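Report on the following structure.
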Amino acid sequence: MGSQSDWSTMKHAAETLTALGVPHEVRIVSAHRTPQRLYDYATSARGRGLKAIIAGAGGAAHLPGMAASMTPLPVFGVPIESHALKGMDSLLSIVQMPGGVPVGTLAIGKAGAINAALIAASVIALMDPAVAEALDAWRARQTAAVAETPVDEPA
């Protein structure tokens, strides 16, 4: 994530990965304030055994695109909701990558963080049967939690 303030959103990605048994690391890497840290992190990611990167960023939201420009790994961008533009600035910055530097862009905020973890887990599941099983169980629980008929909620 680009800053400490992004953790309130990105913790949902970490929690989802933990629930699925996907090993992961969490780092603060700012495209603007820690460019060398970003370079070192992204260029070493594949060699360190990472299979995908989830990058959450707000405002100008350059982190996902910059990371994607430095690694062949799939990068999933999570736009963080900003105060000024409610995350639309982040969304547009992440989704408008030039051809040849792909970033899978998710929804703004918590839903995007959860879905980024699920997509990353889907990539990992291609290589890891235990993660595939955990992902299947996650989806089965989600399906089972949907009622067939509506009920009136208490007033």
Side-chain angles (χ1 to χ4, degrees), residues 1-31 38 41-42 44-59 61-68 71-97 101-155:
M1 68 203 81
S3 66
Q4 174 63 46
S5 63
D6 298 341
W7 180 237
S8 62
T9 296
M10 297 307 293
K11 70 180 177 183
H12 300 288
E15 291 167 354
T16 302
L17 292 169
T18 297
L20 294 170
V22 176
H24 58 281
E25 53 189 38
V26 178
R27 300 286 185 273
I28 297 172
V29 180
S30 170
L38 168 58
Y41 186 85
S44 69
R46 183 167 61 171
R48 292 184 297 110
L50 298 184
K51 304 297 183 203
I53 294 175
I54 299 172
H62 291 127
L63 180 61
M66 290 300 297
T71 182
L73 297 176
V75 175
F76 303 109
V78 178
I80 304 296
E81 185 173 340
S82 59
H83 296 290
L85 298 174
K86 303 298 182 199
M88 286 301 295
D89 48 346
S90 310
L91 173 67
L92 294 174
S93 180
I94 296 169
V95 80
Q96 289 297 327
M97 289 300 298
V101 186
V103 173
T105 308
L106 286 299
I108 297 168
K110 178 181 176 180
I114 292 168
N115 285 341
L118 293 170
I119 286 179
S122 295
V123 170
I124 305 295
L126 294 171
M127 302 164 269
D128 186 328
V131 174
E133 187 176 316
L135 193 55
D136 289 345
W138 172 284
R139 291 177 185 235
R141 284 190 306 274
Q142 181 173 281
T143 299
V146 177
E148 288 191 36
T149 58
V151 296
D152 290 327
E153 296 192 25

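Since this is a predicted model, take the numbers as computed values, not measurements.
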Do other residues, nucleotides or ligands put more than 12 heavy atoms under 6.0 Å from the CD atom of E133?
-> no
Just wondering, do M97 and P102 contact through their side chains at under 4.5 Å, heavy atoms?
-> no
Note: L73 and A45 closest approach over all heavy atoms is CD1-CB, 3.7 Å
Donor-acceptor pairs are to be reported for all side-chain atoms of residues 117-124 against protein atoms at under 3.5 Å, with residues two or more places apart or in another chain.
unit_1	atom_1	unit_2	atom_2	d
S122	OG	L118	O	2.9

Under the side-chain contact (heavy atoms from CB on, under 4.5 Å) criterion, do N115 and F76 qualify, and how do the steps go?
-> CA-CA 10 Å; N115 285 341; F76 303 109; over 6 Å; no
Where do T105 and P79 come nearest, in terms of heavy atoms and distance?
-> CG2-CG, 4.4 Å
dist L38:CG -> I28:CD1 (nearest 0.5 Å) comes out at 14.0 Å
So CD1 of I54 and CG of L63: to nearest 0.5 Å the spacing works out to 12.0 Å
Please list, one pair per line, the donor and acceptor atoms closer than 3.5 Å that link side chains of residues 5-13 to other protein atoms, with sequence neighbours excluded.
unit_1	atom_1	unit_2	atom_2	d
S5	OG	S3	OG	2.9
D6	OD2	G2	N	3.1
D6	OD2	S3	N	3.1
H12	NE2	S8	O	3.4

Considering non-hydrogen atoms only, spot the tightest contact between G59 and S90 and give its length.
-> N-OG, 2.9 Å
Atom pair CE (M88) and CD1 (I108), whose distance is rounded to the nearest 0.5 Å | 5.5 Å
Do you know the tightest heavy-atom contact between P64 and A55?
-> CG-O, 3.4 Å
What one should report as the nearest heavy-atom pair of A134 and L20 is CB-O, 3.4 Å
Kindly determine whether M1 and V26 satisfy side-chain contact (heavy atoms from CB on, under 4.5 Å), including the steps that lead there.
-> CA-CA 8 Å; M1 68 203 81; V26 178; 3.3 Å; yes
Nearest heavy-atom contact between L17 and H24 is CB-ND1, 3.6 Å
Can you name the salt bridge (Lys or Arg N to Asp or Glu O under 4.0 Å) partners of R48, sequence neighbours left out?
-> E25
NZ on K110 to CD1 on I80, rounded to 0.5 Å | 13.5 Å
